[in-house]
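Here is the naming used below: chain letters follow the sequence lines, and residue numbers restart at 1 for every chain.
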Number of protein chains: 2
Amino acid sequence: MNNATPQTCPVTDRGLHLRAACLACHGVPNHGQRQLVRGDVLFMQGDPADRIFAVASGWLREYVLNADGGHGGARIVHAGQIVGLEALGGATGAVYGVTVDALRPASVCAMPASGVRSWLRVRPDDALALAIATAEDLAEVRQQMLANATLPAEERVLGLVRELVGEGAGDAWVRLPATREQLGDVLGLTLETVSRMMQRLASKGIIEVRGSHVRFV
Amino acid sequence: MNNATPQTCPVTDRGLHLRAACLACHGVPNHGQRQLVRGDVLFMQGDPADRIFAVASGWLREYVLNADGGHGGARIVHAGQIVGLEALGGATGAVYGVTVDALRPASVCAMPASGVRSWLRVRPDDALALAIATAEDLAEVRQQMLANATLPAEERVLGLVRELVGEGAGDAWVRLPATREQLGDVLGLTLETVSRMMQRLASKGIIEVRGSHVRFV
DNA sequence: CGTAACTTTGATCTTTATCAAGCCTCGTGG
DNA sequence: CCACGAGGCTTGATAAAGATCAAAGTTACG
């Protein structure tokens, strides 16, 4: 990627300026950013929560482990989203309640929570923007909750594939950033059911499937 | 209730002072508060979003209607929580994305979004507190959603009953603020399954059930 | 005390999970 | 450039969880 060409950052696109560096970064951050490759863990459930992360590009996964160590549930994290908000409160002893790792290569800006707090304290507009952005995320989570609670497996799989392929893709082939098993974790389904539903959608002529590549028709 | 005895407000307990009145109210607000009885609708999905509501006491329910008019999913709203944050952004044409109604009698403080915005702009500490409170709600909702995705019905029912009864109740009889059907909406289960799971928990000696009254043993 | 709303319980059906086996695909190394 | 192997995907048979349909109790409230 050409660093000489400033690009819009999906985080600041949402009106979120979490610190001076973030304001000035123009999508090419040079402080505190981490490059993740597939499988890298950003933070683990139970780690002390002291940093907030803004996803500049790539795909991450957020999941909880239940008592017996198995995956309890998961969520796909897009570019532009914030993770690790548990840290914002700054309570001593606060820990992350989820684990976040990379599904595909990703760039993530790490910000010490204390720095974000002091930034927001003198920039009420930004604090307001963060509250608004968080409220929007909350609405989105609720939407996902709705989908998980009521809809049959086929529609849930279709919805997730739509989300992952993105609006702009049109009818081009797109590589899904997650395996069938990871999609299943997100939807609360098994990998076999995800596979079956994708085949069923294909047989209905809604999508074409070829391994991890998918295309809307 | 004795108005002469100031009480702590569950909203301000969280460090949230959304406007001057809220700061001075000491749990007995006298401006802009609405008393709701069971079934009263606070706002409906699609209404213009111009006010933010803080729940001072009682139980509300927040739910989404899907295309065919059925309940898509729901959430129980406690005292101390904020609803209607869609209004905070102040975009023209913003509408509420959910419907909120009262499960039991409730007191709700209504605040014009524009007033809250101008209040927060000059009170950065409060803007930060709101951002933190929203972030905590988000983390809580998200974790709850992720954890619920995979658990069997019995454990999900137990978890919700625990939440509704509250920590402080000990082994006293408590009246659940919701019917089996409403609990089912929250959990994505049918009312029959909720009933059966509660009976199963009772037969295991974890709880005692008598209609809408429940007791941990 | 009567009634309407809520709850329980049973029988049956559908959806999705589980277990199992074989088949692609893609990246690696020769 | 091709062959190999491991991870990922598909498909089938069977089992289990929860939904649906139905009917009879209870509870709570006027």
Q: Measure from CD on A/Q182 to P on D/dG7 and round the result to the nearest Å.
A: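 Checked: the CD to P distance equals 14 Å.
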
(Q) Keeping B/T134 on the side-chain end and B/L130 on the backbone end, is there a donor-acceptor pair under 3.5 Å? (A)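 Yes, B/T134 side chain to B/L130 backbone: donor-acceptor pair under 3.5 Å.
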
Q | Residue-phosphate contact under 4.0 Å: A/R180 side-chain N/O, D/dG8 OP1/OP2 | A |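 Negative; the distance criterion is not met.
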
Q.
What's the separation between atom CG in B/L183 and atom CE in B/M198, rounded to the nearest 0.5 Å?
A.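 Between B/L183 CG and B/M198 CE, I get 7.0 Å after rounding to 0.5 Å.
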
(Q) Rounded to whole Å, how long is the line connecting atom CG of A/L151 with atom C1' of D/dA19? (A)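 From A/L151 CG to D/dA19 C1': 15 Å.
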
Q: Keeping the roles fixed (side chain from B/S212, backbone from B/R175), state whether a donor-acceptor pair exists under 3.5 Å.
A: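 Absent.
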
Q | N/O donor-acceptor pair, side chain B/E192 with base D/dC21, under 3.5 angstrom | A |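 Check passes, donor-acceptor contact within cut-off.
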
Q) Taking only N and O in the side chain of A/H213, is any of them less than 4.0 Å away from OP1 or OP2 of C/dT25? A)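 False: A/H213 side-chain N/O out of range (4.0 Å or more) of C/dT25 OP1/OP2.
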
Q: Take the protein atom CG of B/L201 and the nucleotide atom P of C/dT7, then report the distance between them rounded to whole Å.
A: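 In whole Å, C/dT7 P lies 16 Å from B/L201 CG.
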
(Q) Students often get this wrong, so: under 4.0 angstrom with heavy atoms, is B/G184 touching a base, only sugar-phosphate, or nothing? (A)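 Nothing, no heavy atom under 4.0 Å.
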
Q: Measure from the side chain of A/L189, starting at C-beta and using heavy atoms only, and say which of D/dA28, C/dT16, C/dT25 lies closest.
A: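 Among D/dA28, C/dT16, C/dT25, the one nearest the side chain of A/L189 is C/dT16.
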
Q) Does B/S195 make a side-chain N or O approach to OP1 or OP2 of C/dT7 shorter than 4.0 Å? A)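 No, outside the criterion.
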
Q: Nearest-nucleotide wise, let me know which of A/R175 and B/Q199 is further upstream toward the 5' end of DNA chain C.
A: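 The residue whose closest nucleotide sits nearer the 5' end is B/Q199.
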
Q.
In whole Å, I'd like the distance from the CE atom of B/M197 to the C1' atom of D/dG18.
A.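 So the two atoms are 7 Å apart, to the nearest Å.
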
Q.
Donor-acceptor check, side chain of A/R215 to backbone of A/D171, threshold 3.5 angstrom: yes or no?
A.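 It does hold such a pair.
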
Q) Looking at B/R38, does any N or O in its side chain come under 4.0 Å of the phosphate oxygens OP1/OP2 on C/dC6? A)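 Result: yes.
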
Q) Expressed in angstrom and rounded to an integer, what is the separation of A/L176 atom CG from D/dT10 atom C1'? A)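 Taking atom C1' of D/dT10 as the reference, CG of A/L176 is at 16 Å.
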
Q: Rounded to the nearest angstrom, tell me the gap between atom CG in B/L183 and atom P in C/dA5.
A: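 In whole Å, C/dA5 P lies 19 Å from B/L183 CG.
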
Q) From the list D/dC9, C/dA17, C/dT7, which nucleotide is the closest neighbour of the side chain of B/S212? A)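 Within the option list, the nearest is C/dT7.
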
(Q) Can you work out whether B/R196 or A/R200 has the more 5'-proximal nearest nucleotide on DNA chain C? (A)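 This one resolves to B/R196.
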
Q) Taking CG from B/L187 and C1' from D/dA17, how many angstroms apart are they, rounded to a whole number? A)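 One finds 15 Å between C1' of D/dA17 and CG of B/L187, rounded.
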
Q. At under 4.0 Å between heavy atoms, what does B/V209 touch on the DNA or RNA strands: base, sugar-phosphate, or nothing?
A.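 Sugar-phosphate contact only - B/V209 comes under 4.0 Å of backbone atoms but never of a base.
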
Q) Counting any heavy atom closer than 4.0 Å, what does B/T190 reach on the DNA or RNA strands: base, sugar-phosphate only, or nothing? A)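 Counting heavy atoms under 4.0 Å across all strands, the contact made by B/T190 includes a base.
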
Q.
Can you tell whether the side chains of B/E154 and B/R196 come within less than 4.0 Å, N to carboxylate O?
A.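 Looking at B/E154 and B/R196, the cut-off is not met.
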
Q.
Can you measure B/L191 atom CG to C/dG10 atom C1' for me and round it to whole angstrom units?
A.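 It is 15 Å, rounded to the nearest whole Å.
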
